[in-house]
Amino acid sequence: MIHYSDPPILLRDVIEDVGEVVRLLERNAPYTPLGGWYRPGADLDAPTSAMWFQNDWVHADLRVEGSELFLFHERVTQAARDFYGATVIVPHSVYVNVMAALERSGPAHTDNPRFQGRDRSNTPMWLLRTMLWSGLFDRQAIVQATSIWWMNDVEGGAFRYWPDGPDQPPREHVGDMANTALVGDNHGMFHQVGPVGPFDQGTRLVTPRAELAPAADGSGEWAVTDRGEVRYQAPLDRYRVSVLWKADVYRDEAEQRRQMADKLSIPDVARIFDRDLEEKGANVRLDLDRLEDFGLIAEVQAIYPEAVPVDKAPSIFDAA
Ligand SMILES: [Fe+2]
């Protein structure tokens, strides 16, 4: 039903001139703390955010100058073809994560799925994830390749991943990460960021208003400024910088045409779930008027549970 992927492909010496990436980082500063899916409704003035900063460089309506360095990277694109045995690779997203001082890991997770006609612009995230784990929508699922590139080696900062499925122990990419990339299936394979140094003060928390940018003091370092005060400052190479690339994957153009013509509407999704729920003898149905109702969400998710990977490390987002 759910297909766990092969191990990702490791590439070395990925970017010829890492200085180009530094300039990209500088031009697109500042960076803001991770929000959204993991942190709904965060209080903007409470220091609740770890120093995990993020910015988009490419998405549907955006392509920052210089991002082609990643978007159209030849070896990464070829690795995606090789990984999937596919000929059509449509890169669509590039974004960057910058982290420091995370005493615990990031969450162990698979990346959010998309389906023909259904994505987070028109469908609640819990429903997209339940569609994935139900295995009922494999035909319309958009296969997405992911590349993660690391700029430097920092204290900690491992990439933990479960290439043999969530019931087998994870592997780690750690040390010797500078200018390497892993290309594979982060939508099918669980993965997790390990703790990131420095570790002298635990996880340092900032408010969602904090910004990371080149320091104003002429030192050449990068600083985290939160409501007017510098909270942390270090050379860029002490921050864990990773650049993510995502592409849609189709076996060939005929498959791309066939799949793109087969778009799911919300009533389609409900009909497919309801037929399966009936076959399972479950009483709940996907009531389209109750898609925000936590009771309904819990009932449906209990029937199509997500896997929980073995040996996952405690996350900064776990309840304290
Ligand atoms: Fe991820």
Side-chain angles (χ1 to χ4, degrees), residues 2-11 31-40 49-59 70-71 76 79-80 83-84 91-99 102 104-115 119-120 125-126 128-133 141-151 154 156-166 170-174 177 180-196 239-249 306-318:
I2 302 293
H3 309 288
Y4 294 105
S5 51
D6 291 331
I9 297 173
L10 177 65
L11 304 178
Y31 297 81
T32 49
L34 182 72
W37 172 237
Y38 291 110
R39 305 181 42 74
S49 299
M51 295 205 296
W52 177 335
F53 296 90
Q54 199 167 62
N55 213 343
D56 287 337
W57 285 349
V58 178
H59 59 59
F70 290 97
L71 190 63
V76 166
F83 183 85
Y84 285 103
H92 57 75
S93 302
V94 176
Y95 56 96
V96 57
N97 284 316
V98 186
M99 304 172 194
L102 274 64
R104 287 190 289 171
S105 296
H109 67 285
T110 56
D111 290 356
N112 291 322
R114 289 159 59 226
F115 301 84
D119 59 33
R120 66 182 180 182
M125 189 53 72
W126 76 267
L128 293 169
R129 297 196 65 88
T130 306
M131 287 169 68
L132 169 74
W133 289 98
I142 302 174
V143 175
Q144 292 176 81
T146 300
S147 163
I148 312 179
W149 173 84
W150 293 274
M151 191 167 84
V154 298
F159 179 70
R160 308 181 79 229
Y161 60 106
W162 280 259
D164 307 309
R171 299 183 212 175
E172 263 190 4
H173 182 42
V174 65
M177 295 171 83
T180 66
L182 280 172
V183 181
D185 176 17
N186 283 15
H187 297 261
M189 179 185 74
F190 277 91
H191 54 281
Q192 172 173 45
V193 177
V196 179
Y239 293 85
R240 184 188 192 274
V241 177
S242 57
V243 178
L244 287 96
W245 168 98
K246 287 190 179 293
D248 295 346
V249 178
E306 292 203 12
V308 178
V310 296
D311 298 341
K312 69 171 180 164
S315 156
I316 50 169
F317 296 116
D318 292 344

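Note that this is a predicted model, so its numbers are computed, not measured. All ligand and atom numbering here is 1-based and tracks the order in the structure.
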Could I get the full list of salt bridge (Lys or Arg N to Asp or Glu O under 4.0 Å) partners for [X], not counting sequence neighbours?
X: Arg114; answer: Asp248
X: Asp111; answer: Lys246
X: Arg171; answer: Asp164

Would you say the side-chain atoms of Arg129 and Asn112 include a donor-acceptor pair closer than 3.5 Å?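 Arg129 vs Asn112: donor-acceptor pair found between side chains.
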Do His59 and His92 have a side chain donor and acceptor closer than 3.5 Å?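 There is no such pair (donor and acceptor under 3.5 Å, judged by atom type) between the side chains of His59 and His92.
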Which label fits Phe190 and Trp133: parallel for a plane angle under 30°, tilted from 30 to 60°, or perpendicular past 60°?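 Judged by the thresholds at 30° and 60°, the geometry between Phe190 and Trp133 is tilted.
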The Fe ion (ligand 1): protein N, O or S atoms [distance under 2.8 Å]: His109 NE2, Asp111 OD1, His191 NE2
